[in-house]
Amino acid sequence: MSAPARVATPPTAAIIDGRALARNMRCDIRARVVDFVSRHGVVPGLAVILVGDDPASAIYVGNKIKACEQVGIHSRTIRCDQGVTTADLLALVETLNRDPAIHGILIQLPLPAHIDMPAVLDAIDVNKDVDGFHLYNIGGLIVGSTVFSPCTPYGVLKLLEHANIPIEGQNVVVVGASNIVGKPTALMLMARDATVSICHAKTRDLAQFTILADILVVAAGVPRLIVPQMVKQGAVVIDVGINRLPDGTIIGDVDFDGVARKASHITPVPGGVGPMTVTMLLSNTVDAAARFIV
Ligand code: NAD
C-alpha cells in the first residue's frame, strides 16, 4: 500500500496587512493635510537629502517623494555628490533649518564613510527631525519625551495596535540591535511595559530567546533567520527585514510559510512593516508642520 500523500498544513496565522493599514492611514493624513492647508494657508513640507548614487537609497527616496505627493505634502529632494563634505552637509542642513517652507528634514542613510554622520544628524533642528534620529529624539526614547519617534519602530507599534495585540506584560524579543530599528523598537515596547530582550549577531543560541517571545520582532537583515522551531506556538511575529535574493525576489528575515503555521499573527514581506515606515514619516511631517503654527 502506498504511503498517503503528505498534505501541507495551511497557514493559521492572521496576516497583519501593513499595506492596507498604510493605505487607510494615508487617507487620514491626506484629509489632515487638506484641513491644515485650508486653516493655515501653509503646505507641510519635507526636504530629503540624498547623497551619492546608491540605487537602493534612490528607490527609497523615490517612494517617500511619491508618498508625499499622494497626501499633498510638498517635498524637495536635494541630491549631493558622493564626495560631499561634512561641512557642506552641515551648511545645507542649517539652510533647511531656517527655511519656513520646510517642516521636516530627512537625510537618507547610509551616508558615505567619510561623513561625520552623528554631527550631520544632530545638526537637524529637533522640531524638523521627522526621521527621529537626532540625539535628543534617540535619548528621549529612554524617558518618553521624544518630539518624533523613529519611523520604522513607530510603524511596528502601529501594526501591533491595529491588530489589537496586547503589549503590557508580554515577553518581547527583538532580534537586531541597530540604532535605527532594533534598539528604538525595544525602547518603545519597554515604554509600553513589555518585558524586552534584545538579541544580536553575537547572541549565543538565538532560539533559546526567540522561543520565549509572545511578540517577536525581527530586524537582522538575514534571509529566513527565523524558522518555525524558534517560534512559540501562537506568537505574534513582526518581520522588519528586507532582503533581495539574487533572482530579485524580496523576502524578510522570517521563514514566512513555515512560521505562519505556528504564529497567531504575522507580517508579510513585502507588505508588512515597509509601507508603515513611509506612512509614519508622512504622519511625523504633518505633526512637524503643526508645531510651527503658533
Ligand atoms: P543593521 O545591519 O544596522 O543591524 C542588524 C542587526 O541585526 C545588528 O544588531 C546585528 O547584530 C543583528 N544581526 C545580524 N545577524 C544576526 C543574526 N544572525 N542573529 C541575530 N542578530 C543578527 O540593519 P538595520 O538597519 O537595523 O536593518 C535590519 C533589517 O531591517 C534589514 O533587512 C533592513 O533592510 C530592514 N529594514 C527595514 C525597514 C522597513 O521599513 N521595513 C526599515 C529599516 C530597515
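What you see is a predicted model; the values in this text were computed from it and never measured. Below, all heavy atoms of this structure are taken into account, side chains as well, without hydrogens, waters or symmetry copies. Ligands are counted one by one from 1 in listed order, and the atoms in each one are counted from 1 as well.
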Assess the residue pair M25 and L282 against the criterion (side chain to side chain contact (heavy atoms under 4.5 Å, CB included)); give the C-alpha distance rounded to whole Å, side-chain angles, the decisive distance to 0.1 Å, and a yes or no. CA-CA 10 Å; M25 287 187 68; L282 302 174; over 6 Å; no
Any idea which part of T203 is under 4.0 Å from ligand 1, heavy-atom wise: side chain, backbone, both or neither? neither
salt_bridge(R291, D287) N-O dist < 4.0 Å: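 Answer for the salt bridge query: no.
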What protein heavy atom lies closest to atom 21 (N) of ligand 1? Include the residue and the distance to one decimal. H200 C, 3.0 Å
Under 4.0 Å from any heavy atom of G176, which atoms of ligand 1 are there? 6 (C), 7 (O), 9 (O), 12 (C)
Considering only protein heavy atoms, which is closest to atom 34 (O) of ligand 1, and at what distance to one decimal place?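 The closest heavy atom on the protein side is I242 O, 3.5 Å.
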For D81, does the CG atom sit with more than 12 other heavy atoms under 6.0 Å from it, leaving out its own atoms?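 Open: at most 12 neighbouring heavy atoms sit under 6.0 Å from CG of D81.
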Check: D253 N/O within less than 3.5 Å of ligand 1 N/O: no
Ligand 1 atoms in contact with V175 (distance to a heavy atom under 4.0 Å):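 Close to V175: 20 (C), 21 (N).
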Between the candidates P270, P223, G241, A219, which shows the shortest non-hydrogen contact distance to atom 28 (C) of ligand 1? A219
Euclidean distance, D131 CG relative to D129 CG, rounded to 0.5 Å: 7.0 Å
Quick one: are V71 and I29 in side-chain contact, heavy atoms under 4.5 Å?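 Yes, their side chains come closer than 4.5 Å.
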Path from L216 to L206 over hydrophobic side-chain contacts below 4.5 Å: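 They do share one cluster, since a chain of ILVMFWY contacts under 4.5 Å joins L216 to L206.
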By number and element, which atoms of ligand 1 are closer than 4.0 Å to a non-hydrogen atom of G274?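 Reading through ligand 1 atom by atom, the close ones are 40 (O), 41 (N).
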Atoms of ligand 1 close to A177 [distance to a heavy atom under 4.0 angstrom, numbered from 1]: 6 (C), 8 (C), 9 (O)
Heavy-atom proximity to atom 35 (C) of ligand 1 ranks first, among V240, L281, V269, for V240
Quick one: does atom 26 (O) of ligand 1 have a protein heavy atom under 4.0 Å from it? yes
Is any side-chain N of the basic residue among D214 and K232 closer than 4.0 Å to the acidic one's carboxylate O?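 Yes, this pair counts.
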Closest to atom 16 (C) of ligand 1 among P153, G155, A201 (heavy-atom distance): A201
For atom 2 (O) of ligand 1, the closest protein heavy atom turns out to be A220 O, 4.7 Å
Contact between ligand 1 and V222 is defined here as a heavy atom of the residue under 4.0 Å from a ligand atom; is it met?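 Checking ligand 1 against V222, which is what was asked, there is a heavy-atom contact under 4.0 Å.
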Nitrogen or oxygen of C199 less than 3.5 angstrom from that of ligand 1: no
Less than 4.5 Å apart, side chain to side chain, heavy atoms only: is that true for V217 and V175?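 No, their side chains stay 4.5 Å or more apart.
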Does one side chain, of T12 or R261, offer a donor that lies under 3.5 Å from an acceptor on the other?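 Judged by distance alone, the side chains do not pair up.
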What is the nearest protein non-hydrogen atom to atom 17 (C) of ligand 1, stated with its residue, atom name and distance? L225 CD2, 4.0 Å
Find all atoms of ligand 1 within a distance of less than 4.0 Å from any non-hydrogen atom belonging to T277, and give their numbers and elements. 39 (C), 40 (O)
Salt bridge check: are R192 and E161 linked by an N-O gap of less than 4.0 Å? yes
For the atom pair CD1 (I142) and CG (L187), what is the distance rounded to the nearest 0.5 Å? 5.0 Å
Can D125 and R98 be counted as an ion pair, charged N to O under 4.0 angstrom? no
Going by the atom numbers of ligand 1, which of them fall below 4.0 Å from some non-hydrogen atom of V181?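 This gives 26 (O), 43 (C), 44 (C) as the contact atoms.
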Distance from atom 42 (C) of ligand 1 to nearest protein heavy atom, with residue and atom: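 Of the protein heavy atoms, T152 OG1, 3.3 Å lies nearest.
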Atom 29 (C) of ligand 1: closest protein heavy atom, distance to 0.1 Å, is G221 N, 3.7 Å
Where is the nearest protein heavy atom to atom 1 (P) of ligand 1: which residue, which atom, and how far?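 The protein heavy atom lying closest is S178 CB, 4.0 Å.
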K64 and Q108 side chains, donor-acceptor separation under 3.5 Å: yes
Of all the atoms in ligand 1, which lie at a distance below 4.0 Å from a heavy atom belonging to I180? 25 (O)
